[in-house]
Amino acid sequence: MEHLLDTELVKRAQKGEGRAFDVLVERYQAKITRLVYRYVHDTDTALDLVQDIFFKTFRNLIHFKGESQFSSWIYRIAINDCIDYKRRLKVRKEQSLQVIQDRGYDVADHRAEADVEGIYAAKDQRAWVEEAVRDLPPNQQSVVVMKIYQDMTFDQISEILDEPVSTIKSRLYKALSNLGSVMRRKQVIEEGGLS
Amino acid sequence: MRHLSEEELIDVLMGEPRDDERAQHLAECPPCQERFRLISDGLKVAKAAEPIIPAMPKRHISFARFKHRALIRRTAALGAAAMLVLSLLGFQLKFDAQGFSMGFALFGTKANNQEQRIAALEERLLEAIELNAQLTQREVDRRFDAVYEERDENLGVFTEALTDKMKEFELKNAEYLVTLREDLMREARKNELRTRQ
């Protein structure tokens with residue numbers, strides 16, 4: 001069964017043939033895990049999300065009509081799950097920040113000893129670039145992950161996100177401009193610090 | 001002279017497809033060069049931030065397991081719905097150390113006076129509320145997510161408009177910088193000539 005095309009496997013899985021679904025899982029599990037890890041940067045979260053993505057695939061497989069490729073469809077589920085995860089994380093962060101403020105800590109404390117995050121960032125040269133990518137809006141980050149890290153073509157990304165190629169390119173431009181601006185600000189700060 | 005669009009600059013950066021006319025324009029247009037340098041720097045940052053994927057254990061995912069999970073979920077949802085309906089119909093459902101038990105009491109048989117009837121009604125109402133809360137939790141979460149999604153979309157539209165405006169300024173600024181640099185060069189050349197004379 002391993003030699004069958006995705007479309008055939010999907011048809012068989014829709015009829016309840018468990019082995020066909022298992023072959024699809026074997027075919028895509030590693031790819032989806034890599035994509036998700038590049039988005040969330042955490043092993044446990046990535047593994048949980050992958051499990052969730054395949055469960056959603058399983059539940060919705062019956063509705064898959066084959067209008068797009070199966071790979072695009074499952075990647076779309078994965079990207080949407082990652083974006084949802086990031087949104088939930090953001091809400092939780094905002095709530096934690098509110099708790100800190102409610103307890104009377106000043107989050108706008110710019111003293112050197114208060115800037116714990118900054119101290120760690122200075123220790124790790126890699127930290128600021130990772131942070132810059134993580135801080136991108138979710139729709140820009142997903143294009144960066146798919147185009148630059150997963151090396152997908154613009155047509156593939158367009159099919160996965162169901163948006164025109166021009167929109168994807170424009171989004172990549174915005175993402176890279178944002179990252180470029182972060183790099184310049186960083187350079188200005190470092191040069192200012194040296195003088 | 002028409003400047004290169006965002007998509008065209010991305011095409012040049014990613015090398016797809018190769019277009020000599022664009023390359024020529026880029027070689028001759030300082031504002032476009034400045035925008036191109038910015039996204040090239042962005043690409044360097046993105047590449048530098050590429051996560052190194054660690055070895056991860058493969059979780060066992062299979063059709064049989066998911067079928068079982070889906071069945072449990074469906075049974076739980078149906079059970080909760082049935083309990084809610086029964087509770088609203090007047091059945092009293094209890095789940096304690098002795099196990100699950102169910103009773104039925106019609107108004108007026110168990111509750112003989114007005115106060116008892118009100119208390120019985122309140123109890124049933126509370127049970128119904130509790131069961132309903134469990135059922136609606138998922139729906140609440142979904143709506144909560146939808147509100148945030150809408151907020152993000154609105155923010156996205158606003159950010160896009162703002163970015164376009166900034167791009168406009170950026171372009172004007174790049175053009176102004178080029179003119180300024182040319183003026184400075186001209187001035188420097190004049191000074192040099194004067195010094196020689």
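Throughout, a chain's letter reflects where its sequence line sits, starting with A, and its residues are numbered from 1. All of these numbers come straight from a predicted model, not from anything done at the bench. Both backbone and side-chain heavy atoms feed into the values below; hydrogens, waters and symmetry mates do not.
In this model, a donor atom of one side chain and an acceptor atom of the other lie less than 3.5 Å apart for A:N178 and A:Q140. Side-chain contact check for B:R151 and B:N154: no donor-acceptor pair (N or O, by modelled atom type) lies under 3.5 Å.
With a threshold of 4.5 angstrom between heavy atoms, A:D48 approaches chain B through its backbone and through its side chain. Residue contact with chain A, scored on non-hydrogen atoms closer than 4.5 Å, involves the backbone and the side chain of B:S62 alike. Both the backbone and the side chain of A:S181 come within contact range of chain B, each with at least one heavy atom under 4.5 Å from a heavy atom of that chain. Only the side chain of B:K167 has a heavy atom closer than 4.5 Å to any heavy atom of chain A. For chain B, the nearby parts of A:R34 are the backbone and the side chain; heavy atoms of each come within less than 4.5 Å. Within the 4.5 angstrom heavy-atom criterion, only side-chain atoms of B:R73, from C-beta onward, approach chain A. In this structure, chain B has heavy atoms under 4.5 Å from both the backbone and the side chain of A:Q51. Only the side chain of B:L9 comes within less than 4.5 Å of a heavy atom of chain A; its backbone N, CA, C and O stay farther away.
Other residues, nucleotides and ligands contribute over 12 non-hydrogen atoms within 6.0 Å of the CZ atom of A:R184. Other residues, nucleotides and ligands contribute more than 12 heavy atoms inside 6.0 Å of the NZ atom of A:K86. The number of heavy-atom neighbours closer than 6.0 Å to NE2 of B:H68, taken from other residues, nucleotides and ligands shown, is 12 or below.
Interface summary for chain B: among A:F58, A:F21, A:F154, the most heavy-atom pairs under 4.5 angstrom belong to A:F58. With chain B as the partner, the residue from A:M183, A:K147, A:R134, A:R87 showing the most heavy-atom pairs under 4.5 Å is A:R87. Among B:K44, B:E160, B:R35, B:K47, the residue making the largest number of heavy-atom pairs under 4.5 Å with chain A is B:R35. Interface remark: of the candidates A:V165, A:L47, A:I148, A:V133, A:L47 forms the most heavy-atom pairs closer than 4.5 Å to chain B. Counting heavy-atom pairs closer than 4.5 Å to chain B, the top-ranked of the candidates A:R19, A:E17, A:R88, A:H41 is A:H41.
Below 30°, between 30° and 60°, or above 60°: for A:F64 and A:W73 the angle between ring planes is between 30° and 60°, a tilted geometry.
Between the A:Y149 side chain and the B:A46 main chain, a donor and an acceptor come within less than 3.5 Å of each other. Judged by distance alone, the side chain of B:T179 and the main-chain N or O of B:E175 form a donor-acceptor pair under 3.5 Å.
Ring centroid separation for the pair A:Y28 and A:F54 does not come in under the 6.0 Å cut-off.
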